[in-house]
**Q** 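Following this message is one structure expressed as structure tokens.
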Amino acid sequence: MTSVSIGTAPVQVDRPTGEEVHEPDLPWIVIVWNDPINLMSYVTWVFMRLFGYPREKAERLMWDVHTKGKAVVSSGPREKAESDVARLHAHGLWATLQKDT
Amino acid sequence: VSVAQPFRKRRGRFVVNLGIGERELLVELCRQSRELLASQDPSSDPSVARLFPAAYKDDPLRSLEFETNLGDAPRSGKLAAIDTVERTVEASELSEEELLVWMGAVNDFRLLLGTRIDITEESTERDYPEGDTNYDAFQVYVYLTWLEDRMLRALGEPEAELPKGSVERG
């Protein structure tokens, strides 16, 4: 997996400069969303594989995805959250990141 | 469909027990998936788009930045997996690494096919009766679901593959 580096994109996006002043205080969270195709056993397996979670925790997260529609599966600095999202996408899961609120 | 287990662990490797028809189907799915990945802009095909979701919900600018940073890696990774399946499709035995690549490819086939035929949580065979234009596609989808389940059973508990330099708390 290619590591994600922020700020080197040829497409520069103008952002309000005040927007990210408090970024260090708020972790980014990675959310996996329910989808009708991925197998429950596969989703559990991916959580164990990518995050090293024990089966019990991976299954609990999978059930949250399945019954509540989504689950927070990891958190951390933005760069780490983007890397987790890229790894989840590579395994076919529908994942997004956002700042914790 | 083989009656015997399609994948069986033996001395750290996996014995593959698939019929000619099953292997031919995998070759055909490799060919079609490569064609889709090579020719379709994700934005023009929902099934291809399903393989490359937006990283930020409701934030197309940041999602675009994320995609730009990753470059062609996501697509080339999936194409490399297809190459591996094609190269090893006649093998009687696979390494664990190869079986993992096969499982990723089969999951991608299910995502492409399932999106194409509008699979939902409630979908059953009654939604794809004989004579339906998607009957064959649904039969293949069901087969791939079975195959992936057997791969997971054969592989057993996964070893964590944490990214370099990361510390995760269980």
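Proteins get letters first, then strands, A, B, ... in listed order; numbering begins at 1 in each.
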**Q** Once rounded to the nearest 0.5 Å, what's the spacing between atom CZ of B/R153 and atom CH2 of A/W45?
**A** 16.0 Å

**Q** Which atoms of B/T145 come close to chain A, meaning under 4.5 Å heavy atom to heavy atom: side chain ones, backbone ones, both, or neither?
**A**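 For B/T145, heavy atoms of backbone and side chain both lie under 4.5 Å from chain A.
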
**Q** Report yes or no: do B/L112 and B/V101 belong to one cluster of Ile/Leu/Val/Met/Phe/Trp/Tyr joined by side chain heavy-atom distances under 4.5 Å?
**A** no

**Q** Using modelled atom types and a 3.5 Å cut-off, is there a donor and acceptor pairing between side-chain atoms of B/K57 and backbone atoms of A/A95?
**A**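 No; zero donor-acceptor contacts below 3.5 Å.
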
**Q** Going hydrophobic residue to hydrophobic residue with side-chain gaps under 4.5 angstrom, can you get from B/I82 over to B/L111?
**A**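 Same cluster: B/I82 reaches B/L111 through Ile, Leu, Val, Met, Phe, Trp or Tyr contacts under 4.5 Å.
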
**Q** Is the shortest distance from a Lys or Arg side-chain nitrogen in A/R49 or B/E159 to a carboxylate oxygen in the other one below 4.0 Å?
**A**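 So A/R49 does not pair with B/E159 through a salt bridge.
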
**Q** Check whether A/M48 and A/V73 end up in the same hydrophobic cluster, where Ile, Leu, Val, Met, Phe, Trp and Tyr are linked by side-chain heavy atoms less than 4.5 Å apart.
**A** no

**Q** Please determine, among A/H66, A/R55, A/H89, A/Q98, the option with the most heavy-atom pairs under 4.5 Å with chain B.
**A**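 Most pairs with chain B among the choices: A/H89.
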
**Q** Just how far is it from atom CD of B/E161 to atom CZ of A/F51, taken to the nearest 0.5 Å?
**A**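 B/E161 atom CD to A/F51 atom CZ measures 12.0 Å (nearest 0.5 Å).
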
**Q** When you compare the side chain of B/R62 with that of A/E82, does any pair of heavy atoms fall below 4.5 Å?
**A** no

**Q** Is the shortest heavy-atom distance from the side chain of A/V85 to the side chain of B/Y56 under 4.5 Å?
**A** no

**Q** Got a sec, which residues hit salt bridge (Lys or Arg N to Asp or Glu O under 4.0 Å) with B/D118, two or more places apart in sequence or on another chain?
**A**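 B/D118: no salt bridge (Lys or Arg N to Asp or Glu O under 4.0 Å) contacts found.
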
**Q** Would you give the length of the straight line joining atom OG1 of A/T44 to atom CG of B/L152, rounded to the nearest 0.5 angstrom?
**A**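 Those atoms lie 9.0 Å apart.
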
**Q** Could you tell me which residues in residues 84-93 of chain B have at least one non-hydrogen atom under 4.5 Å from a non-hydrogen atom of chain A, sorted by residue number?
**A** none

**Q** Considering only heavy atoms, which portion of B/A54 lies under 4.5 Å from any heavy atom of chain A: side chain, backbone, both, or neither?
**A**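 Just its backbone gets close to chain A.
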
**Q** Any heavy-atom pair between the side chains of B/P53 and A/T96 that's under 4.5 Å?
**A**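 When only atoms from C-beta onward are counted, B/P53 and A/T96 do not touch, as no gap falls below 4.5 Å.
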
**Q** Using non-hydrogen atoms and a 4.5 Å limit, figure out which bit of A/N38 sits close to chain B: side chain, backbone, both or neither.
**A** both

**Q** Clusters formed by hydrophobic residues whose side-chain heavy atoms approach within less than 4.5 Å: which one holds A/W94, and what are its other members?
**A** A/I29, A/I31, A/W33, A/V72

**Q** So do the side chains of B/Y141 and A/I37 get within less than 4.5 Å of each other, counting heavy atoms only?
**A**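 Yes, side chains in contact.
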
**Q** Quick check: under 4.5 Å, non-hydrogen atoms only, which of residues 119-133 of chain B neighbour chain A?
**A** B/I119, B/T120, B/E121

**Q** Select one option (side chain, backbone, both, neither) describing which atoms of B/M151 are under 4.5 Å from chain A's heavy atoms.
**A** neither

**Q** Would a single hydrophobic cluster contain both B/V27 and B/V140, if residues Ile, Leu, Val, Met, Phe, Trp and Tyr are joined by side-chain heavy-atom contacts under 4.5 Å?
**A**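 As far as the 4.5 Å side-chain criterion goes, B/V27 and B/V140 are connected within one cluster.
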
**Q** Check whether any side-chain heavy atom of B/N107 lies under 4.5 Å from a side-chain heavy atom of A/H91, and answer yes or no.
**A** no

**Q** Kindly work out whether a path of hydrophobic side-chain contacts (I/L/V/M/F/W/Y, heavy atoms less than 4.5 Å apart) joins B/W146 to A/Y42.
**A** yes

**Q** Please say whether more than 12 non-hydrogen atoms of neighbouring residues, nucleotides or ligands are located less than 6.0 Å from CZ in B/R34.
**A** yes

**Q** Closest heavy-atom contact between B/A160 and A/G52?
**A**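 The pair with the smallest heavy-atom distance is CB-CA, 3.5 Å.
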
**Q** Counting only non-hydrogen atoms closer than 4.5 Å, does B/D58 touch chain A with its backbone (N, CA, C, O), its side chain (CB onward), both, or neither?
**A**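 No part of it gets close to chain A.
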
